[in-house]
Structure formats: C-alpha cells, structure tokens
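Model, not experiment: these values are computed from the prediction. Naming convention: chains lettered A, B, ... in sequence-line order (proteins, then strands); numbering from 1 in each chain.
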Amino acid sequence: MATEVTNYQCPSCTGPLHFSSNSGNLDCSYCGESFDVATIELLYSIKEDDAVKAASEPEWEFNIDEWGGEEAEHMRAYNCPSCGAQIICDDTTAATSCPYCNNPTVVPGQFTGMLRPDFVIPFKLNKEAAKKALKNYYKGKKFLSKTFSTGNKIEEIKGIYVPFWLFNGISDGDISYRATRNHVFTQGDERVTVTEHYQVERQGNVVFEKVPVDGSSKMPDAHMDAIEPFDYSALVPFSTAYLPGYLADKYDIESDVCSERANERIRTSTQELFASTVKGYVTLMPQSSSIEIKAGEIKYALLPVWMLSTKWKGKNFLFAMNGQTGKLIGDLPVVWGKFWALFAGISLPLMLLLGIILF
Amino acid sequence: MKRIAALFLAILSLTLIMLLPVQAAEFDLVSDGVGMLTDDEYFELNELAMDITEQFQCEVSIVIMDDKGSDDIEEYAKSFYKEYDYGYGEDKSGLMLFLSMEERDYAIIACGYGNTVFTDHGKDVLADRYLLPTLGEDKYYTGFLLYLNQTAKFLKMAENGAPFDIDTDEVQIQKNAKGSFWIKLAICILLPLLIAGIICSIFLRQMKTAVSQKTAGNYIPEGGFNLTLQTDRFLFRTETRSKIEKKSSDGGTSIGSDGFSGKSGKF
C-alpha cells in the first residue's frame with residue numbers, strides 16, 4: 001500500500017527545501033542556499049528516471065490485517081523519503097509534511113495524467129503575514145468581544161493550495177423587457193401623467209474567463225468565494241516544486257458538478273449586464289430571458305489560501321486569506337449586548353435632539 | 001280726491017321702495033320640487049332663509065329637484081342660479097344648496113360676496129359636518145336647518161372681519177395640532193431608529209464576511225461584452241389625470257372664471 005513520495009532536498013546539504021513566497025525560489029531550511037524552481041525540477045526529473053531504472057528491488061510480502069470498508073478506500077500511506085516513516089493521509093492529500101521529521105513532502109502521484117493541474121499561483125504571502133492580517137481583521141469590529149481578540153489563540157494555520165476549476169465560456173443572451181417612461185405636466189388644475197410603454201430587446205454575448213469554483217469538499221464554498229478575486233497574471237504552469245512547505249489537495253468534486261455554480265454566476269452577471277444597458281426608464285420588468293452558455297475550456301489550478309482556525313468559548317472560527325492578495329474573510333461572533341448598546345446609543349440621543357427641535 | 005289719490009300713490013311707492021332691497025323675497029328661497037318637506041317644515045325653512053338673507057344681505061337658498069339629467073350638478077346649479085336670477089344685489093351674492101334626488105347628487109355654489117364668506121374649507125365643513133351625516137339618513141329638514149344656522153354663523157363671522165376658514169376653524173385647528181403632534185412624535189421615534197438600524201447593520205455586515213459570490217463580473221475581460229441587438233420599441237401611451245388638491249393649509253376660495261365657487265358630491 002505504501003507509495004513513494006517526493007521530498008525535495010537541498011543539492012548542497014540534503015536538507016529539506018521549501019518554497020519561499022518572498023523569493024519565489026526553493027530555499028534550504030539548513031544551509032540557506034536558494035534554487036530556482038526550474039533547476040530543481042530538472043534535477044528531480046533525472047532522479048525519477050534513475051529511480052525507474054532501479055525499480056527491480058524485491059517486494060516484501062505483508063501478512064497483516066488491512067483496513068477495511070470505506071476507511072480504507074479514502075486512506076493512503078506513503079514513506080517519507082527523509083526519515084523513512086510511514087505517512088498516513090487521505091486520498092486527496094497532495095502535499096503535506098512528515099509528522100516525524102517535519103520535512104515538506106509532495107505526493108506526485110496525485111498530480112499525474114488527467115489529474116495534473118494546468119496552473120498554480122505560488123504563495124506570495126507567508127504565515128506571518130496571515131497572522132498579522134487576522135489581527136488587523138479584528139480591528140474596528142464594534143460588536144466583537146474584547147476577550148475574543150485578545151484571549152483567543154490561533155489553533156491552526158495552514159497554507160493550502162486549494163484545487164479550483166476555472167471555467168471559460170461565452171453566454172449568449174436574448175432578454176426582453178417591458179419598460180415605462182413618464183412625462184408629468186400640469187394642465188389647469190389637473191396633474192397629467194403620460195406614461196409611454198416600450199418593448200425593450202437586448203441580444204448579445206458576454207465572454208467569461210477563468211470563473212473559479214473550488215473543487216475541494218473540505219473547503220467551505222462561501223469562504224473560497226469570499227477571498228476572490230485572484231490575480232491571474234501570476235498564474236504559472238503547474239510544478240510540484242511550488243508545493244513544499246504547504247499543504248495541497250487534489251480535487252474531489254468533479255468539474256461537471258462545479259459547473260452548476262459557475263453557470264449560475266455567469267447567468268446572473270449576464271442578466272445584470274444586459275439590464276445595465278437599459279437606461280432612461282422609470283420601470284423595467286423582464287418579460288422573457290434566454291441565456292445559453294457555450295461552455296469553453298475548463299482549467300484546473302491550485303490557488304494559494306491560508307486557512308486559520310481559532311477557538312473561543314468552545315466554538316471554532318474559521319478564517320481564510322487569499323495567499324496572493326492578502327484578502328482575509330471569516331465570520332466573527334457577535335456580542336448582541338454591544339449591538340443593542342450601540343443601537344440605543346445612537347437612537348436615544350437622536351430622539352432627544354429631535355424632541356427638543358420639534359416640540 | 002286728488003289728495004287722496006296722491007297719498008295712495010305715495011304709500012304705494014314707499015312700499016315698493018321698501019320692498020326693493022329685499023329682492024330675494026320676491027320668490028321663495030327654499031324650492032322643494034319633490035315634496036321632501038312638510039308644509040310646516042317648508043315655511044319654517046323659507047322664513048329662516050329669508051331672515052338670514054335680509055340680515056346679512058347675502059342670499060341663502062335651497063333647491064331640491066327630482067332629476068337634473070346627465071349634466072354635471074355643479075354646472076347645472078350655476079345655470080339654474082343665473083337663469084332664475086338668484087343672488088343679492090348687483091354682484092348676485094349668495095349661497096345655493098342644490099340637490100338632485102334621482103342621482104342623490106348635491107352641489108353648494110357661492111357667488112359674489114358669498115365667495116368671501118363661504119371659503120372652500122367653509123363649504124367642505126357645511127357639507128361634511130352638517131349636510132352629509134343627515135341627508136345620508138334622509139333627515140332633510142334637520143339637515144337643512146343645521147345648514148342654514150351654520151351659514152348664518154359664517155356670515156356673522158365674515159361680518160366681523162374673520163370669515164370661517166382653516167385658520168379660524170377651531171375644530172380644524174385642534175385637529176391639525178393633534179395630527180402634527182402624532183407626525184412629530186412618529187418622526188422623533190422612527191427616524192432615529194432607522195438611522196441607528198442602518199449604522200448598526202453596516203457594522204454587523206463587517207462581522208459576516210464569508211459570503212458566497214452570486215456574480216462573475218470580475219472575470220469578464222476588457223471588450224468581453226458585445227450587444228448584437230439593442231431596440232427600444234414604443235408600444236402605446238396611457239394618460240392619467242388627477243386633480244391638484246389645494247393644500248389644506250392654504251385656505252381661501254377657488255373662484256372660477258364664471259364668478260362661482262363650488263363643491264359637489266353625493267349624499
């Protein structure tokens with residue numbers, strides 16, 4: 001059951017290499033040497049060829065009880081190339097770290113063939129930036145408990161390459177509206193309102209490029225949506241060399257399932273765009289709407305996300321930060337006492353002031 | 001004999017001269033063409049109308065007829081007023097209550113000095129407080145009696161230099177005061193609640209930022225939106241008319257180009 005995994009090691013001292021969001025290179029944790037991604041990729045492609053040639057070693061025979069049922073289906077075991085320990089993780093894990101020697105470890109088998117991502121956006125912001133962003137996020141929140149911002153501690157902080165499906169497509173729209181325009185004037189002692197009724201037609205198309213939908217069931221959709229947008233100019237062809245030091249999952253929701261969410265967003269945007277071209281009317285009612293989405297290419301990309309979890313009063317709070325832009329989101333607990341205090345603090349003095357003015 | 005004849009002519013002339021100012025007394029000021037009133041009621045009302053007319057030199061009259069036809073009641077009443085030479089003095093001062101029983105329509109029209117005395121608000125009050133509640137229950141005598149007594153009060157007020165209007169109507173003044181109190185109170189309470197609600201909801205929204213995206217506008221490239229058809233086709237036109245209501249706070253009388261002011265409706 002155990003499978004080989006890749007652990008990028010320093011060509012100088014064999015220490016573990018990790019991808020640095022600051023330098024954009026693979027840095028050695030021990031000797032401090034820095035190597036660009038292309039050099040390490042070349043080096044490891046030669047190593048993999050050598051490994052294939054040396055694959056004639058005898059296989060040991062196991063005679064132990066194996067995991068059964070559904071558990072086994074979603075479980076994978078790998079050998080750490082640094083310390084030899086067995087790493088057990090689920091079937092979607094693509095990059096992790098060894099729990100024994102803490103060396104960053106990549107599972108290349110997760111990214112081969114049809115499963116290989118097309119692109120990756122490397123992390124630009126590090127763990128410290130994520131912690132700082134979370135502290136800043138608490139600032140100015142009127143209804144947040146002080147003990148939450150000072151007392152709670154970050155339980156876990158993980159840099160994760162989240163699998164996203166990027167949908168390209170063109171929506172062809174044909175929407176008709178009934179619109180009215182009013183002219184009001186006075187005639188004698190009467191107010192005359194002349195209402196002109198129009199039939200408004202709009203046809204056209206809208207191009208959508210790389211609409212992202214996360215393909216991981218582990219990631220909450222609302223969190224992944226809320227940290228958008230990513231700057232796609234930083235997309236680079238996928239290489240496992242960007243993964244060391246971070247966690248990575250392969251997708252576990254198929255693209256055809258995710259396409260429903262993308263289509264819905266495309267459809268809504270198309271309707272809004274068409275409606276924005278109808279101007280000068282007082283009322284606008286859609287009569288009929290036909291939006292056909294011509295599906296284009298679907299790309300598979302890993303996008304950088306920092307996930308931070310905290311615990312307060314026994315409840316978990318999850319935050320997500322865009323690992324490229326630094327946009328941090330997450331729901332905070334509301335102290336309703338503070339809410340009503342502020343409500344009363346605004347409304348009561350205003351009532352008093354208005355009372356003095358009006359009476 | 002000549003002296004006797006001269007004396008007779010003198011007495012006759014004096015009598016005629018004395019009768020001249022009371023033009024209205026030349027015919028009845030209450031005309032009941034349907035028989036809604038008993039003889040006693042009729043005479044009493046007519047007497048009262050004449051007294052008021054004589055006292056204030058402004059003719060107050062009541063005309064009840066069976067069916068005015070399809071004409072507008074106000075216009076019909078004005079024609080009637082002119083045709084039968086109603087009104088006191090040169091400016092034809094007067095106030096006429098005109099009823100058409102078939103359609104249960106009523107009109108109150110004023111002319112000359114009557115326009116000064118019976119303001120728009122005054123006519124509204126005569127109709128709403130005294131006529132409609134009684135005529136609606138077919139209590140015609142009571143309604144007419146109240147109406148005539150009230151016109152006398154209005155005439156007295158005008159004689160004293162303060163015609164009955166919004167600013168002299170105690171009931172209306174109290175009503176306005178009450179109304180404005182509740183409006184002010186509502187403003188005092190609701191406006192601060194609304195402002196506080198808006199501010200608090202802005203801060204509350206900052207606490208919940210993990211929200212799903214509904215649109216994909218960020219992923220439309222430059223020039224990615226192309227309209228191939230854009231037509232705005234005119235279909236038809238509709239017209240609605242509404243009478244511009246005089247602001248209740250304005251007061252005064254709206255006099256038409258024919259010199260009449262009026263109010264009409266159903267009872």
Side-chain angles (χ1 to χ4, degrees), chain A residues 140-144 179 186-187 189-212 220-223 225-226 228-229 262 264-266 268-269 272-273 277-278 320 329-334 339 342-344 346-348 350-351 354-355 358-359, chain B residues 180-246 254 256-257:
Chain A
K141 302 290 189 289
K142 301 277 181 203
F143 308 136
L144 186 65
T186 307
Q187 203 171 60
D189 60 349
E190 287 184 321
R191 183 177 290 107
V192 183
T193 307
V194 176
T195 305
E196 293 173 343
H197 299 255
Y198 288 84
Q199 179 75 22
V200 179
E201 296 275 347
R202 293 289 184 272
Q203 285 177 18
N205 54 66
V206 192
V207 178
F208 289 88
E209 286 181 355
K210 301 187 183 76
V211 178
D221 290 342
H223 282 68
D225 281 2
E228 288 178 23
E264 198 49 48
R265 290 176 64 177
I266 287 171
T268 308
S269 273
E272 285 183 359
L273 264 178
T277 66
V278 187
I329 59 90
D331 293 346
L332 293 167
V334 176
F339 176 91
L342 182 69
F343 191 87
I346 296 167
S347 57
L348 291 179
L350 269 176
M351 283 180 193
L354 279 171
L358 292 175
F359 292 101
Chain B
S180 68
F181 170 80
W182 288 113
I183 290 168
K184 283 176 184 174
L185 190 67
I187 291 169
C188 267
I189 294 169
L190 296 178
L191 189 65
L193 292 179
L194 182 72
I195 292 168
I198 291 168
I199 294 170
C200 287
S201 67
I202 291 169
F203 286 125
L204 192 62
R205 212 174 299 145
Q206 292 176 353
M207 306 291 285
K208 308 250 174 227
T209 54
V211 286
S212 296
Q213 296 277 0
K214 305 287 178 214
T215 60
N218 286 326
Y219 306 99
I220 301 168
E222 209 176 308
F225 175 39
N226 303 297
L227 275 182
T228 53
L229 177 74
Q230 186 172 1
T231 58
D232 294 44
R233 194 154 41 91
F234 174 74
L235 296 175
F236 59 92
R237 187 177 281 120
T238 54
E239 187 179 299
T240 54
R241 288 171 177 267
S242 58
K243 197 148 191 165
I244 300 168
E245 292 294 329
K246 230 171 161 254
S254 309
S257 55

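A cation-pi arrangement is found for A:K142 relative to B:F203, the charged atom lying closer than 6.0 Å to the ring centre and inside a 45° cone about the ring normal.
Contact of the A:E272 side chain with the B:T215 side chain is registered, since non-hydrogen atoms from C-beta on lie closer than 4.5 Å. Inter-residue side-chain proximity for B:C188 and A:L358 is flagged as met; some heavy-atom pair is nearer than 4.5 Å. A heavy-atom distance below 4.5 Å is not found between the side chains of B:R233 and A:Y198.
Proximity to chain A is absent for every atom of B:L190, based on heavy atoms less than 4.5 angstrom apart. The contact between B:I199 and chain A is made entirely by side chain atoms (from C-beta outward), counting heavy-atom distances below 4.5 Å. Heavy atoms closer than 4.5 Å to chain A are found in both the backbone and the side chain of B:D232.
A salt bridge does not link B:K243 to A:E190: none of the charged side-chain nitrogens sits closer than 4.0 Å to a carboxylate oxygen.
Your options are A:G204, A:P333, A:A179, A:A222, and the one with the most heavy-atom pairs under 4.5 Å with chain B is A:A222. Of the listed residues A:L348, A:L273, A:V334, the one with more heavy-atom pairs under 4.5 angstrom with chain B than any other is A:L273.
Nearest heavy-atom pair across B:A196 and A:F343 is CB-O, 3.6 Å.
The aromatic rings of B:F236 and A:H197 lie parallel to each other, their planes meeting at an angle below 30°, with 60° marking the opposite boundary.
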